[in-house]
Each structure stands twice: as C-alpha cells, then as structure tokens.
Amino acid sequence: MNRDCAPIPPAALQAWSKSFLSGQDPEIRDALLSDSRVVTYSAGTVICRGNSDYRVTLVHKGRIRAKVTSWDGREVTTRYATAGHFTALPAMLTDGAPSSLEAVTMCEVSVLNPNTFRRLMRTRAELAYQVAVYLAESTYETVAYLEDNLFNSVQQRLSRHLLEMATPTVNGLLVQTDQTDLAHTIGSVREVVARALKKLDDIGAIRRYRRQIWIEDPALLRSFASTDLRGRRLPEVRDS
C-alpha cells in the first residue's frame with residue numbers, strides 16, 4: 001500500500017516517542033507511520049496466530065501478550081507489549097514466528113507495512129543496527145520469562161503476571177481474567193492457580209469477584225513475585 005500523504009494520527013506519534021526508535025530520523029518515522037493503519041482490538045482478541053500470520057504493530061495503548069502454544073493446547077507467555085512497544089519484528093524478518101499475539105486489555109495499535117519496514121532496514125544502517133539491538137534485548141527478556149516459568153513457583157509466576165496484567169481504573173488496579181486464562185498465561189493448570197489465588201486473597205494482596213481480580217496491595221503482591229534474570233524491575237502499577 002502507498003499512503004505517503006496520509007496524515008499521521010497523534011496517538012501514533014506519541015507511541016513512537018516512547019519507542020526504541022524515537023531517536024531515528026523523522027523521515028523514517030513518517031515513512032513507517034504514514035504507511036500504516038490504526039486498529040483497535042478488544043480484550044481477549046487473538047491478534048495473530050503465529051507462523052505466517054503475524055502483525056507488525058506499534059502499540060498506542062493497552063497490553064498485548066505474546067505466547068506459544070503446545071500441541072495439546074497448553075500456553076506460556078513469552079513477553080508483554082505495552083505503549084511504545086513493537087510486536088512481531090522477528091516474524092517480519094523471518095516471514096513468520098511460532099508465537100501468537102493476544103490483547104490482554106483493549107488495545108489500539110498502528111499496523112505497519114512489513115515491506116516498508118524491511119526496505120528501510122536495507123537502506124538505513126542506523127535503523128538496522130537499532131532493530132538488531134532491540135531484538136537481542138527482546139531475546140533476553142524471552143529467556144527471562146522462560147526461566148521464570150521453568151524454575152520459579154506458581155505463586156511467584158502468578159504474582160508477577162497479575163502485576164504485569166493490571167490496568168489502573170478509578171476504583172483501583174484491575175485484572176480482568178479468570179482462573180483458566182491465568183493458568184494458560186503461566187503454563188499451569190486451573191486447580192493449582194485457584195489455590196495460589198486463594199492464598200493471595202486470604203492475605204489481602206488481591207480481591208476476587210467473578211472475572212475480576214482487584215489488586216489491593218501491590219507492594220505485598222510484588223514481594224511474592226519473581227524478577228527476571230536481568231534484574232528488570234516489575235512495573236510500578238498505581239491507581240489512577
């Protein structure tokens with residue numbers, strides 16, 4: 001598609017300013033964002049299913065989960081993407097990837113044209129180098145999630161994912177999900193997650209109501225959570 005003259009939405013420009021490419025030549029920014037379209041996904045929507053089905057996006061708002069699924073339907077999270085993050089850059093370079101993307105919350109994104117992105121990378125060395133660094137860092141983050149899922153307890157994994165999935169609302173920090181979805185998210189089973197949630201509820205870290213989990217004490221929940229192998233701090237989620 002050719003949309004060089006299309007106006008760039010302010011939300012896309014703001015997301016770009018938060019991204020790892022914010023210091024790039026504005027000409028690169030304009031070429032990519034002008035040749036894109038804004039799409040909104042509701043919570044729970046499968047954005048793409050992996051392999052040759054991928055979406056290169058710049059996230060404006062919301063939270064997207066990258067996951068891999070085994071042959072028997074078990075899932076494990078490999079990373080989260082929030083405002084200013086890109087999705088599916090590895091898939092863009094290899095024409096497919098084994099992971100799929102799902103909207104954790106309502107999301108707005110710019111869906112980029114992969115052909116335009118690849119063309120710019122072939123002709124702009126600085127852009128190609130920055131993307132390479134980003135992919136290396138993303139690899140370390142994915143390894144951290146896998147380490148977490150392999151070596152840490154369900155309680156640790158569950159606490160960390162609740163913090164990463166939380167959305168600030170006027171009534172507090174909210175995670176809209178259920179026990180089955182949480183089990184899929186951390187690669188466990190519903191019964192084990194139910195016991196871990198009860199423990200967190202009993203000590204006052206969370207409060208549950210149907211598909212809603214309210215984080216009552218973020219600091220207490222953080223004390224249960226695991227950190228990744230690079231020492232990345234867990235998100236400081238606060239009430240709005």
Side-chain angles (χ1 to χ4, degrees), residues 18 41-45 59-68 74-85 87 99 101-107 137-138 140-240:
K18 298 177 181 178
Y41 298 102
S42 58
T45 301
V59 183
H60 299 179
K61 61 182 178 181
R63 183 173 288 105
I64 293 173
R65 178 166 74 102
K67 62 182 181 180
V68 292
R74 290 180 298 170
E75 298 176 353
V76 64
T77 301
T78 57
R79 67 190 298 258
Y80 286 99
T82 56
H85 289 171
T87 67
S99 61
L101 299 176
E102 178 183 21
V104 177
T105 65
M106 189 282 291
C107 298
E137 292 176 344
S138 298
Y140 296 147
E141 184 178 350
T142 299
V143 169
Y145 274 104
L146 293 177
E147 180 202 40
D148 189 63
N149 287 320
L150 286 171
F151 302 126
N152 289 309
S153 68
V154 168
Q155 197 78 66
Q156 287 177 305
R157 287 146 51 193
L158 177 63
S159 298
R160 178 172 63 78
H161 279 275
L162 288 175
L163 287 167
E164 298 221 36
M165 294 170 69
T167 300
T169 73
V170 294
N171 296 316
L173 296 168
L174 173 64
V175 179
Q176 291 187 293
T177 187
D178 60 21
Q179 294 174 2
T180 300
D181 287 343
L182 278 174
H184 288 162
T185 297
I186 67 171
S188 184
V189 295
R190 183 181 182 278
E191 294 75 15
V192 176
V193 167
R195 291 195 294 270
L197 285 172
K198 184 178 185 305
K199 178 178 179 179
L200 293 174
D201 200 338
D202 289 344
I203 64 174
I206 65 171
R207 172 172 52 89
R208 293 178 291 169
Y209 180 74
R210 295 182 179 176
R211 284 183 59 89
Q212 297 180 339
I213 299 174
W214 294 91
I215 298 180
E216 299 286 279
D217 191 334
L220 180 58
L221 188 61
R222 192 173 291 107
S223 72
F224 278 87
S226 55
T227 56
D228 72 20
L229 82 174
R230 300 171 62 208
R232 179 174 55 86
R233 295 179 61 189
L234 288 163
E236 294 285 344
V237 286
R238 296 183 175 87
D239 296 354
S240 59

Rounded to the nearest 0.5 Å, the SG atom of C107 sits from the CG atom of L101 at a distance of 10.0 Å
Once side chain to side chain donor-acceptor pair (under 3.5 Å) is applied, do any residues pair with S99, and if so which ones, sequence neighbours excluded? none
Hey, is the main chain of A196 close enough, under 3.5 Å, to the side chain of Q155 for a donor-acceptor pair? yes
Search all heavy atoms of L163 against all heavy atoms of R222 and return the closest pair with its distance. CD1-CA, 3.7 Å
Restricting to non-hydrogen atoms, name the atom on A166 and the atom on I215 that form the minimum distance, rounded to 0.1 Å. CB-CD1, 3.6 Å
Mind checking what makes side chain to side chain contact (heavy atoms under 4.5 Å, CB included) contact with V192, not counting sequence neighbours? V154, S188, V189, R195
For R65 and R79, what are the C-alpha separation, side-chain angles and deciding distance, and is it a side-chain contact (heavy atoms from CB on, under 4.5 Å)? CA-CA 6 Å; R65 178 166 74 102; R79 67 190 298 258; over 6 Å; no
Say whether R63 and T82, considering side chains only, have a donor N or O and an acceptor N or O under 3.5 Å apart. no
Rounded at 0.5 Å granularity, tell me how far CD in Q212 sits from CG in L174. 5.0 Å
Flag the pair L162 / L197 as yes when at least one side-chain heavy-atom distance between them is below 4.5 Å, and no otherwise. yes
Decide yes or no for R211 and Q176: does some side-chain heavy atom of the first lie under 4.5 Å from some side-chain heavy atom of the second? no
Enter the distance from M106:CE to T167:OG1 here, rounded to the nearest 0.5 Å. 10.0 Å
Kindly compute the distance separating NE2 (H85) from NZ (K18), expressed to the nearest 0.5 Å. 10.0 Å
How would you list, by chain and number, every residue that makes a side chain to side chain contact (heavy atoms under 4.5 Å, CB included) with T177, sequence neighbours excluded? M165, V175, D181, L182, I213
Taking the side chain as every heavy atom from C-beta outward, state whether E102 and I64 have any pair of such atoms under 4.5 Å apart. no
Just verifying a value: how many Å separate L158 CG and F224 CZ, rounded to the nearest 0.5 Å? 11.0 Å
Taking side chain to side chain donor-acceptor pair (under 3.5 Å) as the definition, give me every residue that meets it alongside H161, ordered by chain and number, with sequence neighbours left out. Y80
Which atom pair, heavy atoms only, marks the closest approach of D217 to G204? CB-O, 3.9 Å
Distance in Å, E216 CD paired with I206 CD1, rounded so as to fall on 0.5 Å steps: 9.0 Å
Just jot down the side chain to side chain contact (heavy atoms under 4.5 Å, CB included) partners of T78, sequence neighbours excluded, or say none. A66, V68, T142
Please name all residues satisfying side chain to side chain donor-acceptor pair (under 3.5 Å) with S42, sequence neighbours left out, ordered by chain then number. T45
Does any N or O in the side chain of T169 come within less than 3.5 Å of the main-chain N or O of N171, such that one atom is a donor and the other an acceptor? yes
